[in-house]
Chemist: 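Below are the structure tokens for one structure; questions will follow.
In the text below, chain A, chain B and the rest are named by the order of the sequence lines, each starting its count at 1.
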Amino acid sequence: MDYDFRKIEKKWQDHWAVHKTFKAHNRSDLPKYYVLDMFPYPSGAGLHVGHPLGYIASDIIARYKRHSGFNVLHPQGYDSFGLPAEQYAIQTGQHPSKTTTANINRYRQQLDRMGFSFDWDREVRTSEPEYYRWTQWIFLKLFDAYYDLDADKAVPVSQLIDRFEKEGNLKVKAHCDKDTPVFDAHQWKAFDGDEKQKILLFYRLTYLSDTEVNWCPALGTVLANDEIVNGVSERGGHPVTKKKMRQWSMRIGAYANRLLKGLDSLDWTDSLKEMQRNWIGKSEGASIYFDLEHHSEKLEVYTTRPDTVFGVTYMTLAPEHELVEKITTPEQQNAVDQYIKQIAGKSDRERQADVKSISGVFTGAHALHPFTGAPIPIWIGEYVLAGYGTGAVMAVPSGDQRDFDFATHFKLPIINIFEGIDISEGAYTEKGNVKLTQSGFLDGLDFKAARDRVIVELESKNCGKGAVNFRLRDAIFSRQRYWGEPIPMYFKGEIPFPLPEKHLPLALPEVEKYLPTEDGKPPLGNAKVWAWDETHEKLVSVDRIDQKTVFPLELNTMPGWAGSSWYFNRYMDADNQNEWVGSEALSYWKDVDFYMGGSEHATGHLLYSRFWHKVLFDLGYVPTEEYAKKLVNQGMILGNSAFVYRKKGTRTFLSKGLIVGQSVEPIHVDVSLVNAYDELDLEAAKNWQKDFKQAEFVLEGGKYIVGREVEKMSKSKYNVVNPDEICDTYGADTLRLYEMFLGPIEQDKPWNTAGITGVHNFLKKFWRLFYQQDQWSVTENEPNAESLKILHQTIKKITDDIGRLSFNTCVSTFMICINELTTLKCSSRSVLEPLLILLSPFAPHFCEELWHQLGHNKSIELEPFPIFDPSKLMEKTKEYPVSFNGKMRFTLELSLDLGVDQIKEIVMQEQRTVDHMKGDVPKNIIVVPGKIINIVS
RNA sequence: GCCUCGGUGGCGGAAUUGGUAGACGCGCUGGAUUCAAAAUCCAGUUCUUUCGGGAGUGUGGGUUCGAUUCCCACCCGAGGUACCA
């Protein structure tokens with residue numbers, strides 16, 4: 001009987017689905033284990049071979065943990081709100097929910113073919129009202145909370161109001177807007193309702209504020225930095241400007257410190273934690289308020305180097321800084337206007353990336369030095385970003401390289417404040433022991449002493465203070481999109497009010513067009529029934545808005561990260577109609593034990609979800625402060641794109657070897673048209689696209705050879721490889737093994753099917769231990785010692801390697817094991833059964849089938865994982881660690897029958913000769929050159 | 001630009017703590033089996049060589065008795081860079 005993977009895989013997939021083999025129960029005496037994947041965005045291109053990489057790895061963990069006696073929760077779902085579905089809707093007029101459902105169905109089909117042990121009864125879709133009802137509910141919880149700095153946690157706003165009524169806000173220490181007015185209880189009570197609400201907005205964790213966006217008037221939409229190239233929109237090439245918009249934001253800044261500290265408790269890779277640390281970007285320094293010449297305002301700057309304050313020779317403002325307008329002198333007005341216009345289209349990223357060209361303009365105004373009173377010219381420069389610090393810097397050319405370059409370029413003065421340091425070539429940026437000079441009362445002090453001293457002086461003169469700053473900005477939460485969660489708020493004039501909880505979900509309205517309205521409102525501005533009748537508590541037509549009882553609803557939707565910031569909790573109790581997640585389910589599953597996903601989410605999803613989880617923790621809705629203690633990043637599987645080369649301006653395509661010295665443009669061709677030797681199938685190519693039909697192909701050696709490049713897998717690059725093809729040809733078990741065999745799970749790697757026959761042959765070879773010449777060949781004989789040794793070596797290696805997630809070496813280990821057993825002709829049941837259990841997390845269909853053929857009725861899933869027995873290894877040698885100067889250097893492998901004294905003697909002998917004896921060592925000793933002093937242990 | 005990761009044979013990769021570099025698989029070469037092919041099995045396969053050896057883990061330095069592994073500088077590639085998910 002041959003290994004008929006098609007039949008086997010279908011059979012067991014159906015069996016598992018019908019019997020709900022992988023259903024997880026919220027009550028169990030077993031210890032729980034929660035294995036989570038980052039759920040996919042269901043794109044139109046379908047699932048490609050890159051998606052399953054992480055899913056296969058986490059499925060191995062889930063199955064391994066079931067074998068190890070855990071009650072495993074391993075769910076899957078879809079992050080189904082997103083821009084691509086909306087773009088498609090704009091182009092075709094088809095409702096995004098239709099496309100999304102179609103895509104999800106296709107994803108599900110593909111996922112089902114790979115034998116994942118998901119509990120599909122817990123599926124979630126972020127775009128379903130039953131789900132986003134609770135996303136909206138969480139939004140309202142954040143709206144109804146503020147961050148109390150004394151308690152160092154989020155607290156309901158009702159408690160804040162109580163305090164205002166009793167004592168005003170003078171003593172309230174909260175993370176709030178810096179423009180919050182100060183009032184006492186009396187004044188608070190005197191405010192009218194609107195004023196009270198406006199003040200509360202300064203405190204709420206979700207709040208409205210004017211924030212700057214990239215606005216494209218021609219497209220009528222806001223653009224991401226990503227969508228802007230060279231100052232114009234990627235689509236259409238229209239000009240882009242900055243525009244202030246009233247938008248929802250979330251006070252993630254309040255959690256900066258806790259998000260930072262919490263990282264220490266997480267078992268995530270150091271690199272990922274480092275990325276989050278840098279993103280949060282905590283720095284310590286000082287705020288300094290500079291007086292302005294001829295103006296009453298002060299210019300506040302934040303600096304990490306207050307010790308260099310005597311080296312300030314000019315100030316630089318971000319072009320968007322609010323003072324620019326006020327202080328620019330008439331003589332400079334023209335130059336400043338022009339400069340700002342020139343910068344307007346550039347994204348922050350472009351402004352930072354371009355360090356070669358230095359640009360800036362003088363405002364004509366001066367600030368006054370807080371200690372010397374000297375006038376300091378105020379400039380504008382694009383390298384200062386409005387979003388970081390105060391959007392203004394004090395420039396110290398001798399202590400900061402960018403300031404130095406700017407000063408050199410514009411011939412501004414440079415004061416060297418570092419004693420004995422030559423700064424003719426560049427700034428001195430180290431915070432070393434160098435003493436300050438030309439620095440007034442700071443002369444002779446080093447960095448630390450000067451920093452402490454200057455802060456004391458600033459505070460006593462009331463012109464500055466020590467300050468901690470974070471790079472992390474509050475998260476803008478409004479999107480001018482259709483395909484997202486509606487924000488459950490309505491407006492009485494300027495004041496937002498939450499929809500009553502019992503009326504959630506606020507479902508997405510039907511619209512005729514998914515584009516912004518003609519007058520620039522977001523797509524929901526097209527909705528007809530999109531107003532809130534406060535008296536009758538129901539949704540009504542926008543025609544009835546009267547601002548007395550019927551009010552307009554919010555037109556923005558939530559960003560993509562909203563739904564994905566809490567989905568892991570919903571899986572615990574996905575069907576709950578009354579709560580976001582039931583407390584019983586929550587107290588059983590608690591948190592995620594193993595989270596698998598891409599590192600591209602390091603500073604997006606993985607930070608936002610931690611933030612929401614901490615808020616929910618503060619408000620008492622979840623039992624843990626971090627939801628995923630262990631996180632593993634799978635690498636990306638990259639596509640191996642193929643190119644043909646068109647001679648510029650012709651229809652002639654040159655083979656890769658002929659393009660040298662020619663002016664050619666590379667054009668993507670579908671990778672399925674190319675064989676393993678990079679030869680293009682010309683017939684197929686001509687049928688593939690019109691352009692190629694009449695084209696002339698110049699060959700080399702009778703072949704057209706394509707160029708290759710490794711890129712992200714994407715539909716537009718024609719390099720997508722679909723897992724279905726692999727499943728058809730080799731089966732899911734082979735695909736699973738091969739994806740693991742490709743390389744370390746955390747590493748990016750290009751997809752290449754060339755080696756897949758190797759793992760497929762391994763399965764066939766394993767199968768042949770059960771069947772030889774169509775005969776069932778499993779024996780009930782006791783295995784010999786050699787076979788048992790191989791088995792237990794394999795158990796040890798596999799257990800260790802699963803533990804350190806080295807799945808690629810697991811596959812190698814299996815191959816070695818089966819090769820050796822084949823050589824030994826070992827088909828003993830007591831060797832093969834444990835091997836099947838070992839392999840079943842990797843190749844579940846294969847193992848389940850043979851397990852049942854061996855006469856078992858229950859699923860292999862219920863079998864305990866084999867346990868390593870060292871006594872079966874028949875050890876003839878033992879490893880002795882040997883040290884040099886007390887440090888472990890290497891091991892000697894010696895026969896077991898040698899006594900310790902004999903070993904010592906050998907080692908002492910080797911110590912003298914070992915450098916030269918590489919070839920002369922007795923066979924029972926493996927010695928590495930080096931000096932040996934004594935034996936440890 | 002900035003943050004993070006990576007670079008080892010013809011290819012994917014192994015080397016777990018600084019100790020015999022190249023496990024395992026693909027490909028390739030030769031052989032067995034076969035009328036033949038497929039399938040399967042066996043042997044070989046880093047490069048170079050005057051067959052003694054020599055070189056070798058992106059490049060250049062450094063630490064060390066010893067470096068793929070640690071440090072410094074650089075080159076190349078990937079991901080992120082706040083409205084893609």
Chemist: Specify the separation, in whole Å, of atom CD of A:Glu746 and atom C1' of B:U4.
Modeler: 13 Å
Chemist: Please give, in whole Å, the distance from B:U81 C1' to A:Arg349 CZ?
Modeler: 5 Å
Chemist: For the side chain of A:Asn761, starting at C-beta, report the closest nucleotide among B:A15, B:G25, B:U40.
Modeler: B:U40
Chemist: Assign A:Gln247 to base, sugar-phosphate, or nothing according to its heavy-atom contacts below 4.0 angstrom with the strands shown.
Modeler: base
Chemist: Quick check on B:C41: is either OP1 or OP2 less than 4.0 Å from any side-chain nitrogen or oxygen of A:Lys765?
Modeler: yes
Chemist: With a 3.5 Å cut-off and just heavy-atom distances, do the side chain of A:Gln480 and the base of B:C83 make a donor-acceptor pair?
Modeler: yes
Chemist: Give me syn or anti for B:G52, where syn covers glycosidic angles within 90 degrees of 0.
Modeler: syn
Chemist: Tell me whether the OP1 or OP2 atom of B:G13 has a side-chain N or O from A:Gln747 closer than 4.0 Å.
Modeler: yes
Chemist: Heavy atoms only, 4.0 Å cut-off, all strands: where does A:Asn225 land among base, sugar-phosphate and nothing?
Modeler: sugar-phosphate
Chemist: Taking the basic N atoms (NZ, or NE/NH1/NH2) and the acidic carboxylate oxygens, is any pair closer than 4.0 Å for A:Lys796 and A:Asp800?
Modeler: yes
Chemist: Considering heavy-atom distances to RNA chain B, does A:Asp800 or A:Gly82 have its closest nucleotide positioned more toward the 5' end?
Modeler: A:Asp800
Chemist: Determine the contact category for A:Arg481: base if any of its heavy atoms lies under 4.0 Å from a base atom, sugar-phosphate if only primed atoms, P, OP1 or OP2 are that close, otherwise nothing.
Modeler: base
Chemist: Give A:Thr757 one of three labels, base, sugar-phosphate or nothing, depending on what nucleic acid heavy atoms sit under 4.0 Å from its own.
Modeler: sugar-phosphate
Chemist: Kindly say whether, by distance alone, the side chain of A:Arg277 makes a donor-acceptor pair under 3.5 Å with the base of B:C3?
Modeler: no
Chemist: Is there a side-chain polar atom (N or O) of A:Asn819 under 4.0 Å from OP1 or OP2 of B:C24?
Modeler: no
Chemist: Pick out the pairs of N or O atoms, protein on one side and nucleotides 67-70 of chain B on the other, that lie under 3.5 Å.
Modeler:
none

Chemist: List every contact pair, protein side and nucleotides 77-79 of chain B side both N or O, where the distance is under 3.5 Å.
Modeler:
| residue | atom | partner | partner atom | Å |
| --- | --- | --- | --- | --- |
| B:A78 | O2' | A:Asp748 | OD2 | 2.9 |

Chemist: Under 4.0 Å between any heavy atoms, over every strand shown, what does A:Trp279 touch: base, sugar-phosphate, or nothing? Just pick one.
Modeler: base
Chemist: Between B:C41 and A:Arg768, is there an OP1 or OP2 to side-chain N/O distance shorter than 4.0 Å?
Modeler: yes
Chemist: Does OP1 or OP2 of B:A82 have a side-chain N or O of A:Arg473 closer than 4.0 Å?
Modeler: no
